[in-house]
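Note on naming: letters A, B, ... go to the chains in the order of the sequence lines (proteins, then strands), and numbering restarts at 1 for each one. If you're wondering where the values come from, they're calculated on a predicted model, not measured in any experiment.
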Number of protein chains: 4
Amino acid sequence: MAAAASVRPPGRPRCDATRRTILAAAYELLTEGGAKAFTIEAVAARAGSAKTTIYRWWPSKGALAVEAFREANSSAFAYPRTTSAVADLRAQLRQLTGTLRGPAGQVIAGLVAEMQGDEETRRAYLEDCIGPRRAEARRLLERGIANGELRPDLDADVALDALYGALHWRLLTRPEALDEAWVDRMLEVVLHGMAQAPTAVRPDAA
Amino acid sequence: MAAAASVRPPGRPRCDATRRTILAAAYELLTEGGAKAFTIEAVAARAGSAKTTIYRWWPSKGALAVEAFREANSSAFAYPRTTSAVADLRAQLRQLTGTLRGPAGQVIAGLVAEMQGDEETRRAYLEDCIGPRRAEARRLLERGIANGELRPDLDADVALDALYGALHWRLLTRPEALDEAWVDRMLEVVLHGMAQAPTAVRPDAA
Amino acid sequence: MAAAASVRPPGRPRCDATRRTILAAAYELLTEGGAKAFTIEAVAARAGSAKTTIYRWWPSKGALAVEAFREANSSAFAYPRTTSAVADLRAQLRQLTGTLRGPAGQVIAGLVAEMQGDEETRRAYLEDCIGPRRAEARRLLERGIANGELRPDLDADVALDALYGALHWRLLTRPEALDEAWVDRMLEVVLHGMAQAPTAVRPDAA
Amino acid sequence: MAAAASVRPPGRPRCDATRRTILAAAYELLTEGGAKAFTIEAVAARAGSAKTTIYRWWPSKGALAVEAFREANSSAFAYPRTTSAVADLRAQLRQLTGTLRGPAGQVIAGLVAEMQGDEETRRAYLEDCIGPRRAEARRLLERGIANGELRPDLDADVALDALYGALHWRLLTRPEALDEAWVDRMLEVVLHGMAQAPTAVRPDAA
DNA sequence: TAGTAAACGAGACGGTACGTCATGTCTTTAT
DNA sequence: ATAAAGACATGACGTACCGTCTCGTTTACTA
């Protein structure tokens, strides 16, 4: 029964310290110099490891970057949970904005750049970084629909594109103009819509 | 009187045919092989020109890419104009989606990637490609506000981020899932909002 | 005990086959096309190696040329040795003349040209090519002084400049006029001098 | 009769000031930075002229260098003339040595380098710079033969190679070791020979 | 005194080679 | 088997000059 777990391949086992050293070096380079400085050679040099070791464990530069990012930010995405889905959503967007304004923002921008033209990286980033958080946000929206805060016919997929797309697009094009006030305004528009409300109704809204 | 126009710098004038040949070669490579194939060497080889000629006129790879993109797509952005701002907006978004699904979409994704980490390219792309179209779209929104189709207190800047951000984010993350049906749904959400409408009112909407 | 010899630097050892291939390619180009054709790019292409490999091991074009020359001519300079220093000197000069008339002559001319303005090459050529042979020739002269064939007060350094300078100068300025007859005449002048012999002695000479 | 001289081609005549400016710039670069800095581009830039102007009048880099050298040193080679050919020869060699130790020495070394592999330069340098002075020196030797200072059977050509070859070879290989003391010793050897003086010995020699 | 032909500056252009950098694969020794 | 060290082929980078070209302007001399 415990057999499967105890089956160990022969030979020297993978050195986990090396793995972590490499990921740390990678993340440092990513935050310090952006995509420009993020080089396999530089990572190997800083980690004091051999290039071969990196190539053995990560299929591409992007995959390494993604894992380094995940490793460094694994604890950064615990979102609050209250009874109001809209309040939770606002809190989550504000927190994410804070993250994006810091060094992680640069890294994410670099990652998105890297994944254009490297399918491996795209897959890794979407599945491992975006995916889980998008799923969580989707559950949040569904909660809002269930408790009547959001429209029952809301297309959650599309709504997520609007919210997170706006955020990331701003990160990619004008990262300096990314602050909480903007997030609040953005959320307000996406929540209540651009269109003029049907007559005699809107006055109480806002 | 016409003196200012006739002032010509000394020396052999720039050969415009060469300029166009280079831009065309650049755009071909961009659409054919993506960012991977877009190399100064490759552009020079295909254009039958010298690398120096390219470096003489374009400060960076990105700047060349941006200008090549503009040159190739200069005529592609004439939007329809009716009496309805919302209808015009929908038409414009649909048309843009069509463009993004084609080869130009790949190019734009590559451009956005390139501009992360190359300030020159960022400036060129934002000012020369995004800027004008964003300004035009903003005028469209203002028209909608003026004629009562859109909320009088609409924050146009934020709304544009939501609409174009959603579109581009989808392009960058799941380009295959970019179609007109999606655009329509997205526009519907951003127009009317995610939130549940105030009671006794919404039933007739949607 | 044998530790010193067994100390091997870590990493993959230098590939000697590559080294020899590069030197051979370099020497071929040197003899075929002269200094004009001797290009790092061409050497790399012909050797089927990478430019970086060349730059890793040779500090300059000239250094590569010098080593290629040495490698190719290492066995060509075994001079005869009889009891007569003068006879040996004549033999040596004749043999050298023969070498200079062949492809090696072109190479040497190119080397001398290259070392003007490249200190590295100068050092390499003088120390590694000229030096040893000059030392050998100097010993020959000293033998001649010792056995009474040459003047006891002869300044060997100066004499070597006269003999080898004449030879090389002719190579550099009129390589086509470099033959054994000329060498014999030259040696005759330097051996017996230009000046009219002191009276009462010379009449019977010549 | 004067017709041939007065036949002037149509068009603007060659500007002599430009010619001299270019030659001066060329010589400056030659002395300042050696062959390395001697670039058509640099000459044009320093002279404030166009590259085309240079290419119009000089067939090659070497030809320009030779003419620049000649122009700058035209007045430097007036040799003294006494009744003693040997004394004149010594004076001439000493003066030449002084010249070679200065900036002109560098230039000559560069010229000799350049002429290897550029036939045009070789011809220009040999004919225009070396030739006349060699002819003059030959006349000097013939004077010495005529007045009994030098051996009647002296091969002047060979003697000149020995004297000037030694001088230039030293310039090319160890320019720092080029001084008047060395010249005197060298002349002594070539004048009186390396071989043991006759006394009852010469008969069997040769 | 206008026309014309070449000189001259400026600088664009297609090239070649440079020396450097990063990639990804490989060979070797040590653990 | 894993890891460090580093050699190696590849290919793009951005730069320096090359030699040729096309301009507009200048400077004589002819007609």
Novice: Does a side-chain N-to-carboxylate-O contact under 4.0 Å join Arg46(D) and Glu32(D)?
Specialist: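 Salt bridge: yes.
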Novice: Using a 4.0 Å heavy-atom cut-off, does Lys36(B) contact any base of the nucleic acid, only the sugar-phosphate backbone, or nothing at all?
Specialist: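 Nothing, no nucleic acid heavy atom in range.
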Novice: Distance-only, no hydrogens or angles: does the Lys36(B) side chain make a donor-acceptor pair with backbone N or O of Gly117(A) under 3.5 Å?
Specialist: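 Yes, Lys36(B) side chain to Gly117(A) backbone: donor-acceptor pair under 3.5 Å.
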Novice: Which one, dG9(E), dT23(E), dC18(E), comes nearest to the side chain of Ala50(D)?
Specialist: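 So the nucleotide nearest the side chain must be dG9(E).
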Novice: Determine the contact category for Thr52(C): base if any of its heavy atoms lies under 4.0 Å from a base atom, sugar-phosphate if only primed atoms, P, OP1 or OP2 are that close, otherwise nothing.
Specialist: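 Base contact - Thr52(C) has a heavy atom under 4.0 Å of at least one base atom.
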Novice: Side chain of Thr31(A), backbone of Tyr27(A): donor and acceptor closer than 3.5 Å?
Specialist: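 Side chain of Thr31(A) to backbone of Tyr27(A): a pair is present.
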Novice: Using a strict threshold of under 4.0 Å (side-chain N to carboxylate O), is an ion pair present between Asp16(A) and Arg20(A)?
Specialist: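 Answer for the salt bridge query: yes.
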Novice: I'd like to know if the side chain of Lys61(A) reaches the main chain of Thr121(A), judged simply by a donor and an acceptor atom lying under 3.5 Å from each other, with no hydrogens or angles considered.
Specialist: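 No; zero donor-acceptor contacts below 3.5 Å.
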Novice: Does the distance from a Lys or Arg side-chain N to an Asp or Glu carboxylate O, for Arg70(A) and Glu67(A), drop under 4.0 Å?
Specialist: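 Result for this pair is no, no salt bridge flagged.
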Novice: Between Thr53(B) and dG14(E), is there a side-chain N or O to OP1/OP2 distance below 4.0 Å?
Specialist: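 The answer is yes; a side-chain N or O of Thr53(B) sits under 4.0 Å from OP1 or OP2.
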Novice: Check every strand shown and say whether Lys61(A) touches a base, only sugar-phosphate, or nothing at a heavy-atom separation below 4.0 Å.
Specialist: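 Contact class for Lys61(A): sugar-phosphate only.
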Novice: Looking at dC18(F), dA9(F), dT20(E), which one has an atom nearest to any side-chain atom of Lys51(C)?
Specialist: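 Among the listed nucleotides, the one closest to the side chain of Lys51(C) is dT20(E).
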Novice: Between Cys15(D) and Ile40(A), which residue's closest nucleotide on DNA chain E lies nearer the 5′ terminus?
Specialist: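 Of the two residues, Cys15(D) wins.
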Novice: Would you mind building the protein contact string for nucleotides 23-31 of chain F? One character per nucleotide, 5' to 3', B for base within reach (heavy atoms under 4.0 Å), S for sugar-phosphate only, - for untouched.
Specialist: SS-BBSS--
Novice: Would one find a side-chain N or O of Arg14(B) under 4.0 angstrom from OP1 or OP2 of dG11(E)?
Specialist: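 Negative; the distance criterion is not met.
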Novice: Are any of Trp57(B)'s side-chain N or O atoms less than 4.0 Å away from OP1 or OP2 of dA12(E)?
Specialist: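 So the side-chain polar atoms of Trp57(B) never come under 4.0 Å of the phosphate oxygens OP1 or OP2 of dA12(E).
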Novice: Just by distance, do the side chain of Gln116(A) and the backbone of Leu172(B) share a donor-acceptor pair under 3.5 Å?
Specialist: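 Yes.
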Novice: Answer yes or no for Arg19(C) and Trp57(C): cation-pi contact, defined as NZ/CZ to six-membered ring centre under 6.0 Å and angle to ring axis within 45°.
Specialist: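 That pair does not qualify as a cation-pi contact.
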Novice: Taking the axis from the first five pairs and the axis from the last five, what angle separates them in the helix from dT1(E)-dA31(F) to dT31(E)-dA1(F), rounded to 10 degrees?
Specialist: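 One end's axis against the other's: 10°.
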